2 protein chains.
Amino acid sequence: MTTICDKAYSEKDMMYVQDALYVLSGKWKLLIILALSNGDKRFMEIQKSIPRITTKMLSKELKELEANKLIRRVVHDENAVWVEYSFTEYSKALAPLIEEMIKWTKSHRREIFEKVA
Amino acid sequence: MTTICDKAYSEKDMMYVQDALYVLSGKWKLLIILALSNGDKRFMEIQKSIPRITTKMLSKELKELEANKLIRRVVHDENAVWVEYSFTEYSKALAPLIEEMIKWTKSHRREIFEKVA
DNA sequence: CCGGATCCTATCGGATACTG
DNA sequence: CAGTATCCGATAGGATCCGG
């Protein structure tokens with residue numbers, strides 16, 4: 001029942017949003033988490049499931065996500081280089097946020113993306 | 001009931017998220033919308049309510065937000081330069097998303113921001 | 001297969017000064 | 001007051017190649 005109209009957000013709220021943006025900023029991080037949503041994936045599998053991401057960006061983003069405990073990195077075989085990524089309890093909590101993004105875009109994308117994209 | 005675990009997101013879902021990120025990316029856009037949450041504001045008022053934003057960035061972001069119909073710009077007096085910004089029906093729909101960001105950060109910020117920030 | 005190293009460009013974003 | 005203009009460094013992001 002809190003629309004933006006009814007509710008004035010506090011300065012604290014703004015800081016919360018800023019914090020979230022800090023962790024989730026950039027084009028790729030949320031998409032990587034999405035890519036892991038249907039199970040663990042290896043480096044190449046993640047890359048294939050995210051259209052235009054380069055190895056460099058994927059590598060960089062995976063590190064940051066791991067540092068922030070949003071994904072987990074497990075090396076299965078040192079010699080064969082068998083690495084698997086999975087999300088954490090912590091990143092699961094992002095599901096409602098992701099749901100809201102999808103909802104919002106679904107109901108509004110026509111209004112914007114016909115002209116912009 | 002859909003946690004990330006239970007549900008595998010589709011490629012379409014990924015595109016939706018990408019679209020949302022496209023419109024909301026950067027450090028400032030969501031904060032600007034938040035700043036307008038308790039009523040219309042003038043340029044300087046917005047700037048004062050967002051800690052470290054510069055006039056340049058505010059100006060730039062306002063333009064983009066307006067182009068995407070996420071805010072409305074009304075000039076009240078040509079001579080006195082009296083401009084007011086307000087959000088739109090369209091941006092009101094972002095409220096649930098913002099709520100989720102705040103919720104998420106509230107429950108998890110300690111886990112991250114003690115070390116990172 | 002998993003990335004790191006390198007080189008490059010484009011955009012982000014800050015500081016400051018300036019205009020109507 | 002509401003922005004613009006300019007200069008600048010930092011970061012994002014892409015392309016390609018290389019090594020374990």
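In what follows, chains are A, B, ... by sequence order, proteins preceding strands, each numbered from 1. Quick note: numbers below take in every heavy atom, side chains included, and nothing from hydrogens, waters or symmetry partners. Remember, it's a predicted structure, so these values are computed and weren't measured experimentally.
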(request) Would you check if A:Asn68 and A:Lys29 make a side-chain contact, meaning some heavy-atom pair closer than 4.5 Å? (result)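 Counting from C-beta outward, A:Asn68 and A:Lys29 never come under 4.5 Å.
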Please report, rounded to the nearest Å, how far the [atom2] atom of [N] is from the [atom1] atom of [X].
{"X": "B:Leu58", "N": "C:dG13", "atom1": "CG", "atom2": "P", "result": "13 Å"}
{"X": "B:Arg73", "N": "D:dA2", "atom1": "CZ", "atom2": "C1'", "result": "8 Å"}
{"X": "A:Leu62", "N": "D:dA12", "atom1": "CG", "atom2": "P", "result": "15 Å"}
{"X": "B:Met57", "N": "C:dT11", "atom1": "CE", "atom2": "C1'", "result": "10 Å"}
{"X": "A:Tyr22", "N": "C:dG13", "atom1": "OH", "atom2": "P", "result": "13 Å"}
{"X": "A:Leu21", "N": "C:dG13", "atom1": "CG", "atom2": "C1'", "result": "15 Å"}
{"X": "A:Glu64", "N": "C:dG4", "atom1": "CD", "atom2": "P", "result": "12 Å"}
{"X": "A:Lys63", "N": "D:dT11", "atom1": "NZ", "atom2": "P", "result": "16 Å"}

Verify the contact: side-chain N or O of [X] to OP1 or OP2 of [N], cut-off strictly under 4.0 Å; return yes or no.
{"X": "B:Lys60", "N": "C:dG14", "result": "no"}
{"X": "B:Lys27", "N": "D:dA10", "result": "no"}
{"X": "B:Tyr85", "N": "D:dC1", "result": "no"}
{"X": "B:Lys29", "N": "C:dG13", "result": "no"}

(message) Within the 4.0 Å heavy-atom criterion, would you say B:Trp82 contacts the bases, only the backbone, or no part of the nucleic acid?
(response)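 The residue B:Trp82 makes no contact with any strand.
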(request) Tell me what A:Val81 touches on the nucleic acid: a base, only sugar-phosphate, or nothing, going by heavy atoms under 4.0 Å. (result) base
Measure from the side-chain N and O atoms of [X] to the backbone N and O of [Y], and report whether any donor-acceptor pair falls under 3.5 Å.
{"X": "B:Asp13", "Y": "B:Ser10", "answer": "yes"}
{"X": "A:Ser107", "Y": "A:Lys103", "answer": "yes"}
{"X": "A:Lys41", "Y": "A:Ala35", "answer": "yes"}

(request) Evaluate the ring planes of B:His76 and B:Trp82, with Trp represented by its six-membered ring, and classify them as parallel (under 30°), tilted (30 to 60°) or perpendicular (over 60°). (result) perpendicular
(message) Students often mix this up, so state it plainly: with edges at 30° and 60°, are the rings of A:Tyr85 and A:Phe43 parallel, tilted or perpendicular?
(response)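 A:Tyr85 and A:Phe43: tilted rings.
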(request) Residues of residues 39-56 of chain A with any non-hydrogen atom less than 4.0 angstrom from an atom of DNA chain D: list those, numerically ordered, please. (result) A:Thr54, A:Lys56
(message) If the threshold is 4.0 Å, N to carboxylate O, is there a salt bridge linking A:Glu89 and A:Lys92?
(response) yes
